[in-house]
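In what follows, a single structure is set out as C-alpha cells and then discussed.
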Number of protein chains: 2
Amino acid sequence: MVVARLPQYARVLSQLLEERVEVVNSDQLGERLQITPAQIRKDLSYFGRFGKQGRGYSVRRLLDELNQILGLDRSWNVAVVGVGRLGRAVLSYPGFAPAGFKIVAAFDTSAALVGQQVGNLTVQPMEELDQTVSQHSISIAIVAVPSSQTQQVIDRLVACGVKAIVNYAPTTPLVRKGIRIENIDPVLALQSMTYYLAQDRLWSN
Amino acid sequence: MVVARLPQYARVLSQLLEERVEVVNSDQLGERLQITPAQIRKDLSYFGRFGKQGRGYSVRRLLDELNQILGLDRSWNVAVVGVGRLGRAVLSYPGFAPAGFKIVAAFDTSAALVGQQVGNLTVQPMEELDQTVSQHSISIAIVAVPSSQTQQVIDRLVACGVKAIVNYAPTTPLVRKGIRIENIDPVLALQSMTYYLAQDRLWSN
DNA sequence: GACTGTGAAAAGTTTCACAGCT
DNA sequence: AGCTGTGAAACTTTTCACAGTC
C-alpha cells in the first residue's frame with residue numbers, strides 16, 4: 001500500500017463533501033485522480049471495510065476514517081527554518097492552515113533577520129529552537145535554508161525532537177532511521193520530465 | 001528503472017565535479033543519496049556500461065552520459081502561467097537557470113497583472129500563449145494558478161503544444177496520454193508524513 | 001584486490017476477475 | 001443490478017550474490 005495516495009483520496013473527499021455529494025464509488029474517485037478503481041479499493045481495504053457493496057462509500061464516513069488514519073483529525077504545529085525568499089513564500093502560503101498545519105515559529109541564522117516581523121511571526125534565532133519546539137510540541141519542520149546549511153540545520157532539528165521534515169534545498173540530507181524527510185525540488189521534477197521529452201520517449205506514460 | 005533517481009545521480013556528480021573528484025564508486029554515490037549501491041549499478045546498467053570494474057565511474061564521463069540520457073545537454077525554455085504569490089516565487093527562484101531551464105515568458109489571466117514587469121519579464125495575456133510558445137519552442141510550463149483555473153489553463157497549454165507541466169495547485173488535472181505532468185503540493189507531502197507520526201508508526205521507514 | 005555488471009531471487013505493487021453483500 | 005472486498009496472477013522494483021574485468 002502506498003501511503004502517498006491516501007492524502008489524495010482525503011482531498012477529493014473533502015471536495016465532494018463541499019459539493020454536497022454523499023456517496024461515491026471507486027470508479028468516480030478513480031476518474032478524479034487518474035487511479036484505477038481496483039487500486040483504490042485495494043488501498044482502502046488495507047485499513048478496513050469502509051464501503052457498502054452495491055452502493056459505494058459514504059463520503060463523510062470515508063473522509064473521517066482517512067483523516068484518522070492519516071493523523072489529520074487534529075492540528076499540527078510546524079516550524080519554518082530559513083526566512084529567505086523561499087521561506088517567506090512558505091510562510092505566506094495560505095494552504096497550510098486550512099489543512100491543519102499551523103506555522104507557529106520561524107527561525108533564521110542571520111542576525112539581520114532575527115527579530116523581524118514576517119506575517120504574524122517574529123523571526124527567532126536558532127538558539128531558541130529547543131525551547132520553542134518543546135513549548136509548542138512541534139514535530140514537523142519545513143527547512144528552506146541554503147544547501148550548504150541544510151544538513152546542520154536538520155541535525156539541529158532532529159536533536160530537538162523534530163520527527164518529520166520537509167526540505168526545500170536541492171540536496172539529500174542524511175537523517176537517522178525513524179525520522180521522516182521529504183525533499184521538494186522543482187528542478188528534479190523538471191529533470192525527470194526532460195527524460196521523456198528528450199528522445200521520442202513521449203509515447204511512454 | 002525509476003527515472004526520478006537519474007537526476008539525483010546527475011546532481012551529486014555535478015557536486016563531485018566541483019569538488020574535483022574524478023572517480024566515484026557506487027558505494028560512495030549510495031551514501032550521499034541514501035540509495036543502495038546495487039540499485040545505482042542496476043539503474044546505470046540499464047543505459048550502458050559506464051563504469052570500470054575494480055575502479056568505479058569517471059565522474060565527468062558518467063555525468064555527461066546522464067545529462068545526455070536526461071536531455072540536459074541542452075537548455076529548455078519554460079513558460080510560467082500565474083503570476084500571483086506562488087508564480088512570483090517561481091519566477092524569482094534562482095535554481096532553474098543554472099540547471100538549464102530558462103523562464104522566457106510569464107502569463108496571467110488577470111488584466112491587472114498583464115503588462116506588469118516581474119523580474120526581467122513582462123506579464124503577457126493568455127491570448128499570446130500560442131504565439132509565444134511557438135516563437136520560443138516552449139515545451140515545458142510551470143502552472144501556478146488557483147485550483148479553479150488549473151484544468152482550463154492546462155488544457156490551453158496542451159492545445160498550444162506544451163508537452164510537460166509542473167502544477168503547483170492542490171488538484172489533479174487530467175491530461176491526455178503523452179503529456180507529462182508533475183504535481184507539487186507541499187500539503188500532500190506533510191499529510192503523508194503525519195501518517196507515520198500519527199500512531200507509533202515511526203519505526204517503519 | 002576492488003569494483004562493476006548482471007542473472008536470479010525476493011519483495012513490493014498493481015491489475016484481474018469474481019464471489020458475495022446490499 | 002451494482003458495487004465492494006479480496007485472493008490470485010501479473011508486473012515492477014529492489015536486493016542478493018558472484019562471475020568477470022581492470
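Chain letters run A, B, ... following the sequence lines, proteins first and then strands; every chain starts at 1.
Taking atom CZ of residue B/R41 and atom C1' of nucleotide D/dG20, one finds them 13 Å apart after rounding to whole Å. Between the CD atom of A/Q28 and the C1' atom of D/dG2 there is a distance of 12 Å, given to the nearest Å. One atom, CZ of B/R5, and another, P of D/dT13, lie 9 Å apart when rounded to the nearest Å. The CZ atom of A/R61 sits 14 Å away from the P atom of D/dT4 (whole-angstrom rounding). Distance B/M1 CE to D/dC11 P: 19 Å, rounded to the nearest Å. Note: CG (B/D27) to P (D/dT15) measures 14 Å, nearest angstrom. In this structure, A/R49 places its CZ atom 7 Å from P of D/dG5, rounding to the nearest Å. Distance A/Q53 CD to D/dT4 P: 9 Å, rounded to the nearest Å.
Under 3.5 Å, the side chains of A/D155 and A/Q151 contain a donor-acceptor pair of N or O atoms. Between B/Y9 and B/D43, the side chains place a donor N or O and an acceptor N or O closer than 3.5 Å (distance only, hydrogens not considered). Checking A/S192 against B/E182 by side-chain atom types alone, no donor-acceptor pair falls below 3.5 Å.
Closest of all the heavy-atom pairs between A/I138 and A/N77 is CG2-O, 3.8 Å.
Residue A/Y57 places at least one side-chain N or O under 4.0 Å from the OP1 or OP2 atom of D/dG5.
Judged by a 6.0 Å distance limit and a 45° cone about the ring axis, B/R201 is positioned over the six-membered ring of B/Y195.
On the nucleic acid side, DNA chain C has its first and last nucleotide under 4.0 Å of a heavy atom of chain A at C/dT13 to C/dT22, going 5' to 3'.
Residues A/G54 and A/D43 each lie close to DNA chain C; by heavy-atom proximity, the contact nearer the 5' end of the strand is made by A/D43.
In this structure, B/E128 places its CD atom where more than 12 heavy-atom neighbours from other residues, nucleotides or ligands lie under 6.0 Å away.
Across all strands shown, B/R55 has heavy atoms under 4.0 Å from sugar-phosphate atoms exclusively, and none from any base.
Here CG of B/L157 is found 11.5 Å from CD1 of B/I142. Values are rounded to the nearest 0.5 Å.
The side chain of A/N25 sits closest to D/dC3 out of D/dT21, D/dG5, D/dC3.
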